[in-house]
Amino acid sequence: MNALYLICGLGFLSLLAEIANLKKALGAVIIVGLCLVTVLIVMDWNTGQHYYNDMVVFDNFSIVFIALIVVISIFWFWMSSDYFRGQSHQTDRSALILFAIAGAVLMISFNNMAMLFLGIEILSISLYALAGSKKESLFSNEASFKYFLMGSFATGFLLMGIALVYGATGSFHVTKIAEYLSSYPSELPIFFYAGVVLMLVGMAFKISAVPFHFWAPDVYEGAPVTITAFMSTVVKIAAIAAFYRVFSFCFSSAQETWITILQVITVLTLVVPNITAVYQGRVKRMLAYSSVGHVGYILLAFISNSTNAPGTIFYYLTAYAIASITAFTVLHEVENTDHSGFNGLYQRSPMLAVVMTISLLSLAGIPPLAGFFAKYVVFAQAVNHGYTGLVMLGVVTSLIGVYYYFKVIIDMFLKEPAGAAIQLSSSIRTLMGLLALLLLLLGLFPDWLISLLA
Amino acid sequence: MVGIEFLIVLVPVLPLLGFLIISLNNKRLSHGVVSFIACGAVLVSFIISVLLFTQLLSQPEDQRFFQVVVMDWISTGDLSINFSFLVDPLSSIMLLIITGVGFLIHVYSIGYMHDDAGFNKFFSYLNLFVFFMLMLVMGSNYLVMFVGWEGVGLCSYLLIGFWFKNQAYNDAANKAFIMNRIGDLGLLLGVILIFMNCGSLNYEEVFAKATSLDTSTITFITILLFVGAMGKSAQIPLYTWLPDAMAGPTPVSALIHAATMVTAGVYMVARNNLLYSLSPISLNLILVIGLATALFAATIALTQNDIKKVLAYSTVSQLGLMFVALGVGAFSSGIFHMATHAFFKALLFLGAGSVIHALQGEQDIRKMGGLKKYLPITYITFFIGVLAISGIPPFAGFFSKDEILAHAFSVNPLVWGVALLASLLTVFYMFRLFFLTFYGSVRAGENVMHHIHESPKSMAVPLILLAVMSVVGGFMNVPEVLWGSAWLNEFLSPVFAQSQTVLVAHELSHSTEYMLMGTVIALTLVVIGIGYSMYVAKDSVPSAEGERIGMLHKLSYHKYFVDEIYDTIVVKPLYWLSGKFDLIIERLAIDRLVNSVGESVVAWSGLFRWFQNGTIGFYIFIMVMGVVAMLLALTIN
Amino acid sequence: MIPIDYYIWLSAVLFTIGVLGVLYRRNAIIIFMCIELMLNAVNLLMVAFSNYLNDPAGQVFVFFIMAVAAAEVAVGLAILMMMYRNTRTTDINVLNRLKW
Amino acid sequence: MIIFLLVWPLLASVALLAFNFKKAKELALAVSVIELVVSLLMAFQFVKTAEVQFSVNEPWIASLGINFSVGVDGISLLLVLLTTVLVPFIILSSFNRSEIRTSNFYGLILMMEMALVGVFVARDGFLFYLFWEVALIPIWFICLLWGGEGRGKITLKFFIYTLAGSLFMLIGLVYLYFQTPGSHTFDITALYTAGRSLPVFEQSLIFWALFVAFAIKMPIFPFHTWQPDTYTVAPVQGTMLLSAIMLKMGIYGVIRWLIPVVPLGVHEWGNFVIIISVIGIIYASCIAIVQNDFKRLVAYSSIAHVGLISAGLLTLSKIGMQGAIIQMLSHGIVVFALFFIIEIIFERTKTRSLSELGGIRNMAPVLSSVFIVVMLGSVALPLTSGFVGEFMLINSLVQYQFLIGAIAGLTIILGAIYMLRTFQKAMSGEPNKTTIGFVDLSTHEKLVLFPMVILIIGIGVYPSPLLAISEAAVDSILVVMSDFSASVK
Amino acid sequence: MALNLFYFLSFVAVFSALLVVFSKNPVYSVLYLIITFFAIAGHYVLLNAQFLAVVHVIVYAGAIMVLFLYVIMLLNLNAETEPHKSTFLKFAAAICSGLLLIVLIGSLKGSEMIVNQSVQGSEIGLVKNLGKVLFTDFLLPFEIASVLLLAAMVGAVMLGKSEKS
C-alpha cells in the first residue's frame, strides 16, 4: 500500500518539480524513488493484507507483478532519460507515467470492480495523452486518437459487463462475487453470463487479444518509441494481471461460459498476429505484432490451467518484458525504425547489434535465453493438461516467429550499413549489458522465478 | 614352428614394405635403388615361398598346412575376424606362381619402364599389387581374401590408369574398377551369407559346417561367390573390362591381367571346391559360363588387330577353359592350367611388350610383320609361347589343356566338342598373330624400322626363363596315360579330398584318352596349316578400317557390340535416372514442397495485413461483430 | 412498480444506439457523444439495479463513471483539438496513415 | 572432468567473442588441443563396461525436475573423442584463410564444440535438448557471417527446418516427462521406464516426434533438402562442423534417445524407416553421380552414407549398431578430409565445378595421393576405416532382410562410380588453364591431412579397440530391445 | 402512473438519442443529447436516486455538454461539414448494431431469478446514505478518482497547449 502512496507521491512531486524547478534532479529522484517502491513492495511479501475494507489486496500475486512492473519502469526511466531531458512538458510526462504506473498497480491489486475500473482508466487516460505527446507528428496524433477512441469504446462494454454482473450478484466485490458464484451457481440469471462476456470483451481489448487487437499495431507504431516500450511492457503486464484476477479469482467457477470463447480467442491470437508480422518491413510494427502474438502464448497458459497458472504467466511476462524493453532500447538508439534502419547495424555499432540479436533470440524462444524457458513452461503446462493440439499450433506459430525475428538479425549482420556509426552513452551501454545478462541468467536459472507463485 | 610362422608372415609383408619405402620416398630414390628394392622384395618372398613349399612337402600328407594368426581385426560379439594366413598346397602353388612370375615381370619392367617418368610410382604399385595378391591367396578366411580381392582391384585400377594424362585410359581404369565392384558386391553378399549360416568365416570351420547346410542355401551362396569370380576373372557378362585394361603398361597386362589377378576367380572357386561340389546347379552354371566365355572370346580374338587385344581375348577364353575344368569338377586340372597359362601367357605378353617396345609403342599387327630377323630372341620365345598355348606336345599347354578336355569328355562329349572348338580357334588366332607379326613383309614405317632394336637383357632374360617354364612347366603333372605321375594332382589332393568324395568320379579308359589326344593334335596341326597358308603363303593382311567386311566378321571385329549394348541398357539409363532424380524429384518435388510451406505463410500474411487497414470505423466494426459472435455463442448454449 | 426488465431493455436500446452512432458517423465529436450515450445507458442500468437490489453501491459506482466520463471527455477533446490543429478536420477516416 | 570439457571451451569462446584477439587462431588451437588432451585422459581412465562413468548429477531446475546430469558410456566417449579430435584440425584447417577469420569465428567454433560435447554427454532429457539447440546458434552464425552467395535465405531455411524438427522432439520429451511417476523428472532412466511403459500407439507417436528431429539433423532421405544448399553455402569450417560432427548428433540421438525410450515404437516403425533410408542411399548416390559442384557432390554422398548408417542401426542387431558407431567415426574423418581437399582446390583455383578442374595430379602428387586414400575410405575399400563400418552395416542388413541388404550394398558400386568420376574429372587428365599453376600441399595442410590419412588406415586395419569401447554400452541397449521384441512376439 | 411516466421518458430518451445519431448538424446532436440526459435524469428520479439525478444534470448537461458545444464552436463545425459514409457502410452499421441489439436483448433474460429487494420510497438515493457509503466503503476509489482527474487535467493541458515555436 505504501508503495502505491509513494508512486502517487512521486507523481505529485514531479508536478511540483516544474514549479520548484528541480528538473535536473528529477530523473534520478524518480529512479531512486522507484527502487524504494520495490523495496517497500517486497517487504509486504507473504503478508497478504487487505486495505480500505477490501478495496485492494496485496497478496503475493499482486506483489510479484507490482514488483515486476516497478522494476521494468526503472529500466524504462533509465532507457528513456532523453525522452524527458530538454523537452518541454518534461515534468508532465514523468507525472503521467507515474500516474499510469499507479493505475497499473491498482489494476494488479484491485479487489473491487470500482478499483479495476479506476485503475484501467488512470492508466488509459495517461497513455492517451502520452501517445500523443509528440504533438507535431501526425503519426503520434493518430496513435493517440485511435487509442482513445477505441479505448473508451471498449470501456463502455467493460462497464456494461460490470453493471450486469452487479445486477446479478448484487456486488462489485471480487471475493463476494466469487463466493456468490460458488454458493448459488444454479440461480444465476442469463444476463450475468452476458455481463461476464462483455467484461471479457473489455479486458480482451486491454490485453489486445484478437479480434480486439487492431488498435495495438497502429498505436504502437505511431506512439513515440519510449511510450511504445512502456505500453508493450508495463501496460501489458498490468492488463494481463488484471485479466487473470478477473477471470481466475472472480469468475473461475463460471468457467464453462467463457472458456470455449477464450480458446477461440487464443487460437486467433496465436495465428493472426504472427502471420501478419511476416510481411512487416518496419521493425517497430513487427515488434508490435509480436507483442500481440505473445499474448496468445500467455492465454494458452491461462486456458490450459486457469486456477494456478500465475507462476507460468509471471515468468513468461518477465522474460517477454525484459526482452522487449531491451529491443526497444536498441530501437530508441537506432531511431530509424524501418528495416533499412537496421541494415548493417553490426558495422554501425556491434554492441547494439549483438544486444538486439540476444533480445530477438529470446523473443523467438531460442535456448538458453529466458524466452525459451518461458515458452517451454507454457507448452509443458499445456501438454500436461491435454492441450497438445494447441501446443502444436503454438510451435508452428513460434516457428513463424523465428522467421520474422531472424530476418531482422540477418539484415543487421549482412546488409550494407544504412548510416554513420552510432555513439552510445555509457549509461545506455551498462543498461543494455545488464538487460542482456538478465535475459541469459533468467534463462539459465529460471527456477526461483517460476516457483515464486507455484 | 615359430620360424615357419615368421616366414609366412614375411611373404606378404616384404612387398608391402617395398611399397611403403618406395612410395614414401618417391622423390628421393634413384631408379636403381627402387628397382633393387622392388625386385629384391619379391625375390626374397619367392625364395621364402620355395622354403615353405619344401617345408610343406616334408610334412606327411594329411598335415600339409600351416596357419598363422597375425592379429584380430574386426571383433565384436559373435563376429570375430582375424588377419590369419593359411599355407596349404593350393596356396603354396599360388605363392610360387605369384612371386616367381611376379619377380620375372618386375625384372622385365626395369627395362620396359626405364625412361618413364613414373618409374618409382610404377614399382611401388607393382609391389602393392603383389602384397594384395598374396593376401588374397594366403588369407585363411573369406574376409582376408576379400581384402586381397579388392586390393588387387585397386592396384589394377591404379596401373591401368597409370598414364593418367590420357582420359581414355582413366575411363578404362574406372570401368575395370566398377565392373570388379559389381562382382565384389556379389562376393561380399556371399561372404555375409556364409557368415550368417556358418557363424564364422574361417575356411575350415565353414567347410566343417558346409555339409550340414541345405543345398538351396549353398547354391545361393556359391552363385553369389561366382558373381565375384565373374568380375575378377572376366567371365561373361562382366568380361568387357579386361580388353580395355590393356591400356596399362604391358608388364601390368602380363602380371595382373594374364598371370595372377584374373586367375583369382579360379583360385576362389577351387578354394571353395567343397561348397561347389555340394551344389550341382552352380557347378553347371560355372560350366556353361566357362564354355560360353571360352568360345565367345575366342571368336572375337579372331579378328582383332591390336596385338595386346588379341592376347587379352585369348586370356578371357583361356580363363573360360579353366572354369570349364572347375565346372566339370576337375579342380586340380583348373589349377594346373592356371599355372601353365601363367607361364605362357606372361611369356606372350612380355614378348608382345618387347615387340611394342621395339616399335616405339606400335600395337597394330597390320603395321608389323617380318620382325623375325630383327628380334630373334623375342621371336623364339614368342614362338614357344604360341606352341604352348596351342597345346603342341610336349609344351606346357598340351598337358593342361588335354587334361581339361579329357575331363570334359568324360562328363559330356558335347562339352568336349565346344571346348575343343574354342581351343582350335585359339590355335588359329594365335598363329595368325604370330605369322602377321614375325613373318611376311615388313609393314612398319621407315622411321620406326630405322631404330628398331632387340630388347635389353633385363627384358630378354625373363623372356627366356618364362620360355623355359613354358616348355617344362607341363611336366609337373603328366597324366598316368602318358606314363607320368600326375604329381600336381597328388600334391593338391588334400585340398580337394572332401569334394572328390562328394562328386561322382568319371573314369575314362586309356584308349579313349589316346583317341582324344590324337584327334586334338591332328586338328591343331590342320588349323596351323590353314593359318600358315593364309598369312605366310598368301601373306594376306587383315583389311584396314572402313573396308567392307562380312557380316560375321564385322560382328566379331566389333566384339558383338557388347560395350555399346551395356552402354545403352545400363550406363545411359543410370545417368538419365540420376538426372531426373536431381532435376525433378529433388528440385521440383521435395525442395519445392518445403519451400512452398514458407511461401504460403508469406502469402497468408499478405492477405491478413489487409484487415489492418488503418480505418477506425472498420476496426470498431470488427470489434462489434466479435461481440455479437460471442454473445451469440453464449445464447446458443 | 416498474419491472427491472424494462430498464434492462431500455438501457440495452440506448447502449445499442450509442454503438450505432459510433459505427454510423465519421465526425469524431459525434462519436464521442455516442460513447457518452453508451456510458449513460450503463449508468441507467446501474441505478436501476441498485434501486432494485436496494444497495447504494451501484449509485456510488455511477459517480465514478461520471468522473471518468468527464476526464475522458477532457482528454479526448484535447486530443481532438490537437488533431484538428494538424489536419483541419475531425473526420476519423482521414487519419489512416498507420496501417498494415 | 566432463565439467572441464564443457566449461573450458565455453570460457574460451566467451573470451574470444568478447575481446578481439590478434592471435585468435593460435589461441583457439591451443584451447582445443588442451580439450583434446583432457578427453584423451578421460578415454584412458575409461573402464570398458556398460555403466556410465565420470557422471556428474546436480539439481538444476528442481521445480521442473531438470537436473544437470552428465556422464559418458562407450558410445558417448567415442563421439566426444571424435569431436575433440576433429575440432583442432578444423581450426588448423582455417589457418590459410585466417585473414577473413576473426576472433569471433573461433569463439563460435569453440562454443559449438562445447555444445556438441554437451549433446553427447547429457544424461537428462532437457539438458540434451538444450545442448542440441545451443549447437544450432553458433553454426548458424558461422554460416551466416562467413558463408557464400545467398546465405541469408539458405541459412534461415536451415535454421527453421532443423528447429521445427527439434521442437517436436521437445514436445515428445515433455510428453514422456509427464509420464514419469511422482514429481516428474527428465532423468534419462526415468524417461526410459516411462517410455517403455507406454502402449504401442503412444510409443509410435513419440517415436515420430523424436525421430523426425533426428532424421532432419542427420539428414535422411525425404528430410534432407536443407543440407546440400547449406553445405554449399557454408564456409568450409562450418561445413566440416556440420557434416563431420553435427550430423552425428542425429544418429547418436537415435541410439541414445530413441531406441531405448520407445522400443515398441521402434519395433513398429523400424522396418519402414530402414526402407526409407535404403531408398535414400540409392537416391542420394544417384544424385551425387550427376553433380558438378564438388561440395554438393560430397553433401549428397554423405546423405547416402548416413542412410546406410541409420538403416543398419535400426536393424537393432549388435553388428549393425557397432558398425553404425564405427561408420560414424569413419565418416566424420573422411568427410572432414574431403571437404578440406575441396577447400584447398577451391582456394587455389577459385572454382568448385568439376568441369573446370582437371590434371591437378600432374602438379600436386601429394595432394592426389592423399585424395586417393580419402576416396578409398569413402568407397569403403578394405583396410580403410570405411570398409569396417560398411561391412558390418551391410552384414546386419543382409541378416535383417537379404533383399534390403543387397540393395543397400549397391552403395559400394554407386559410391565407386561417383567418387572415381570425381577423381578423374578433378585430378586426372591434362592440366587446363584454371589448374595449371596449382601448387602442392603446404606444410600446415599436410599437418591436417596426414593425420587423417593415418586415422583412416589405422581404423581400417585395427578397429578392435574402438569396437571394444562401445561394445558393452551397445549390449546394454540391445538387452532391452530383445526383451521387448520377445514380449511382442 | 409511474409506468406511463416511464414510457414517456423512455420514448423521449430513445427518440432524442436516435436524433443525436442521425441529425446532420453537430450542434443539434449536442442539444438532442442534452434532452436525452434530461430524460435519463427523469428515470433516476423514478428510481428514487434523486441526488444522482441532480448530479447527473449538473455534470453532463452542465459541464460535459457545454464543453462539447465549446469545442464545436471553437472548431467551427456547426455547418454540415461531415463527408458522408457510403450507403453500404451505413447499411452495414445499421445491420451490425441491429444484430447487437438482438443478441443483447436475447441474452439479457432471466431477471426473474434475482429477488426484488426494492422497498417503496427507499432512501438509499439520498445524499446522507450515499455519502456514508462513499466515504466508508468507497473511500479509496474516491481518493484515487482525484488522481484520475489530476492525470486527465495534466494530460489535457499538455496536449491542448499549442507549442510556441
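So that the names make sense, note that chain A is the first sequence line, chain B the second, and so on, each numbered from 1. In this text the structure is predicted, and so the values were computed from the model without any measurement.
With a threshold of 4.5 angstrom between heavy atoms, E:Ala49 approaches chain C through its backbone and through its side chain. For chain E, the nearby parts of C:Tyr52 are the backbone and the side chain; heavy atoms of each come within less than 4.5 Å. Both the backbone and the side chain of E:Ser10 have a heavy atom closer than 4.5 Å to some heavy atom of chain C. Residue contact with chain C, scored on non-hydrogen atoms closer than 4.5 Å, involves the backbone and the side chain of E:Val30 alike. C:Leu14 touches chain E through its side chain: at least one heavy atom from C-beta onward sits under 4.5 Å away, while N, CA, C and O do not. Of the two parts of E:Tyr7, only the side chain, counted from C-beta on, holds a non-hydrogen atom closer than 4.5 Å to a non-hydrogen atom of chain C. Only the side chain of E:Met65 has a heavy atom closer than 4.5 Å to any heavy atom of chain C. For E:Leu33, the part lying under 4.5 angstrom from a heavy atom of chain C is the side chain only. Heavy atoms closer than 4.5 Å to chain E are found in both the backbone and the side chain of C:Ile29. At a 4.5 Å heavy-atom cutoff, the contact between C:Leu44 and chain E is made by backbone and side-chain atoms alike. Of the atoms belonging to E:Leu74, it is side-chain heavy atoms, and not backbone ones, that fall under 4.5 Å from chain C. E:Leu52 touches chain C through backbone and side chain together, each having a heavy atom under 4.5 Å away. Looking at C:Ile17, both its backbone and its side chain come within 4.5 Å of chain E, counting heavy atoms on both sides.
Using a 4.5 Å heavy-atom cutoff, the side chains of E:Lys90 and C:Leu23 are not in contact. Looking at heavy atoms from C-beta onward, E:His43 lies out of side-chain contact with C:Val47 at the 4.5 angstrom threshold. The side-chain heavy atoms of E:Leu101 and C:Phe15, taken from C-beta on, include no pair separated by under 4.5 Å. In this structure, the side chains of E:Val59 and C:Phe63 stay at 4.5 Å or more apart for every pair of heavy atoms. Proximity of E:Val71 to C:Tyr84: side-chain heavy atoms (C-beta onward) are nowhere separated by under 4.5 Å. The side-chain heavy atoms of E:Leu159 and C:Met81, taken from C-beta on, include no pair separated by under 4.5 Å. C:Val73 has its side chain within reach of E:Leu67: a pair of non-hydrogen atoms, C-beta onward, lies under 4.5 Å apart.
Minimum heavy-atom separation, C:Thr16 to E:Ser97: CG2-O, 3.2 Å. The shortest heavy-atom contact between C:Arg25 and E:Val21 is NH1-O, 2.5 Å. Closest non-hydrogen pair, C:Ala78 versus E:Gly160, comes out as CB-N, 4.3 Å. Contact between E:Pro26 and C:Met33 at its shortest, heavy atoms only, is O-CE, 4.2 Å. The shortest heavy-atom contact between C:Leu37 and E:Ala17 is CD2-CB, 3.8 Å.
Distance check, rounded to the nearest 0.5 Å: CG of E:Leu5 to CD1 of C:Ile2 gives 7.5 Å. A distance of 6.0 Å separates CD1 in C:Ile30 from OG in E:Ser23, rounded to the nearest 0.5 Å. How far CZ of E:Phe68 is from CD of C:Glu36: 5.0 Å, rounded to the nearest 0.5 Å. Atom CZ of residue C:Phe32 and atom CD1 of residue E:Ile64 lie 12.5 Å apart, to the nearest 0.5 angstrom. How far CD1 of E:Ile58 is from CE of C:Met66: 10.0 Å, rounded to the nearest 0.5 Å. E:Asn48 CG to C:Gln59 CD: the interatomic distance, rounded to the nearest 0.5 Å, is 8.0 Å.
Comparing C:Asp5, C:Asn40, C:Ile8, C:Ile79 by heavy-atom pairs within less than 4.5 Å of chain E, the highest count is held by C:Asn40. In terms of heavy-atom pairs under 4.5 Å with chain C, the best-connected choice from E:Tyr44, E:Tyr70, E:Phe51 is E:Tyr44. Options C:Asn43, C:Asp55, C:Leu80 differ in how many heavy-atom pairs under 4.5 Å they form with chain E, and the most are formed by C:Asn43. Chain C forms the most heavy-atom pairs under 4.5 Å with one residue out of E:Val14, E:Leu134, E:Leu104, and that residue is E:Val14. Here E:Leu130 is the residue among E:Val157, E:Val133, E:Leu130, E:Val20 with the most heavy-atom pairs under 4.5 Å with chain C. For the set E:Leu149, E:Leu46, E:Ile105, the entry with the most heavy-atom pairs within less than 4.5 Å of chain C is E:Ile105. Between chain C and the residues E:Ala63, E:Gly125, E:Gly155, E:Cys96, the most heavy-atom pairs under 4.5 angstrom are made by E:Gly125.
Taking the six-membered ring wherever Trp is involved, the centroid distance between the rings of C:Phe61 and E:Phe138 does not fall below 6.0 Å. For C:Tyr24 and E:Phe22, the distance between ring centers is under 6.0 angstrom.
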